[in-house]
Undergrad: 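This is the structure I want to talk about, given as structure tokens.
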Amino acid sequence: MTELYAWAAIGLVIVASTTGDVLLAYAMKRVGDVGEIWQRGGALAVVGRVLTTPTFALGVIAMGIAFYSLLFGLSWGNLSLVVPAAASLTFVTNAIAARIFLHERVGRQRWIAVLLVAAGVVLMAL
Amino acid sequence: MNSRKYLVLAGITLFGTAGDSLLSRGMKELGGISLRHLSGLLLAILNPWVMAGILLLLGFFACYLSALSWADLTYVLPATSLGYVLVALIGHFIFHEVISSTRWLGITLIAAGVGFVAAGPSLTFRREGHKDRDVTPSAISEGVKP
């Protein structure tokens with residue numbers, strides 16, 4: 001039963017954080033290089049620019065759901081299973097989502113990386 | 001990619017790892033939270049370990065957002081997965097969690113995957129309206145926006 005709770009939490013983390021990551025990446029690309037904005041307008045300009053980007057708030061809400069699911073999972077499972085399983089599987093779903101929604105060029109090197117991480121995650125769950 | 005950007009990526013790995021580890025320490029102290037007592041999740045924030053973990057994860061979040069503003073999501077994420085390798089090592093050496101040989105192999109594969117991504121360009125997406133303009137490979141590897 002404890003294991004079931006841990007894997008249910010892992011599943012929730014994957015769905016919520018993939019949604020959150022894509023929304024946040026989209027928002028930050030619209031904001032632009034924060035290092036450059038900082039140099040031109042200071043820290044307040046960065047904060048203002050980020051907070052007024054609508055998709056940022058949606059991304060934070062999704063990440064909040066992922067965060068509480070992770071807390072829930074950590075109270076039931078081992079640190080060295082829950083964190084790698086949830087977050088590295090998210091890495092795979094994110095690569096697919098980034099290609100579809102963010103139009104990133106996921107080339108051969110990055111797909112190999114995705115497969116290596118996916119295989120690594122399966123081994124860690126055995 | 002300049003040194004400031006590599007510092008931000010290192011911040012992602014270190015803050016994320018330390019934050020997760022402190023959270024785990026705090027949650028273990030509190031014990032299992034059941035579905036019937038979800039209020040326990042809200043009260044968990046009052047635990048000092050959980051609180052410190054959340055503060056470090058805020059530092060992680062700032063570095064993560066900064067990196068996403070100048071690099072691909074598929075480039076930044078492996079930097080976070082290096083943290084999972086670190087988390088497993090901390091779980092093993094500090095919390096004495098048992099790590100089997102297959103799990104060690106998994107850790108190795110994840111680390112290799114990170115190496116593959118780090119060897120490539122940091123930014124590949126093209127902005128709307130610039131779709132016809134070609135980007136030279138050197139410009140991509142420098143992280144120059146098209």
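Convention: sequence-line order gives letters A, B, ...; per-chain numbering from 1. Atoms considered below: every heavy atom in the structure, side chains included; atoms not considered: hydrogens, waters and symmetry mates.
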Undergrad: Where does A:Y26 contact chain B at under 4.5 Å (heavy atoms): side chain, backbone, both or neither?
TA: neither
Undergrad: We want to know whether A:T53 and A:R30 form a side-chain donor-acceptor pair, criterion being a heavy-atom distance below 3.5 angstrom.
TA: no
Undergrad: Hey, can you tell me if B:F61 and A:F56 have their rings parallel, tilted or perpendicular (30° and 60° cut-offs)?
TA: tilted
Undergrad: So do the side chains of A:D33 and A:W38 get within less than 4.5 Å of each other, counting heavy atoms only?
TA: no
Undergrad: Looking at A:V106, A:V34, A:T90, which makes the most heavy-atom pairs under 4.5 Å with chain B?
TA: A:V34
Undergrad: If I measure from the heavy atoms of chain B, does A:L24 come under 4.5 Å with its side chain, its backbone, both, or neither?
TA: both
Undergrad: Name the region of A:L70, side chain, backbone, both or neither, that has any atom closer than 4.5 Å to a heavy atom of chain B.
TA: side chain
Undergrad: Using a 4.5 angstrom heavy-atom cutoff, name the option from B:L57, B:T108, B:L65, B:V8 with the most pairs to chain A.
TA: B:L65
Undergrad: Checking heavy atoms, do the side chain of A:V47, its backbone, both or neither come under 4.5 Å from chain B?
TA: neither
Undergrad: Should A:R99 and B:D72 count as an ion pair when the cut-off is N to O under 4.0 Å?
TA: no
Undergrad: Using 0.5 Å steps for rounding, measure from the CZ atom of B:R25 to the CH2 atom of B:W49.
TA: 4.0 Å
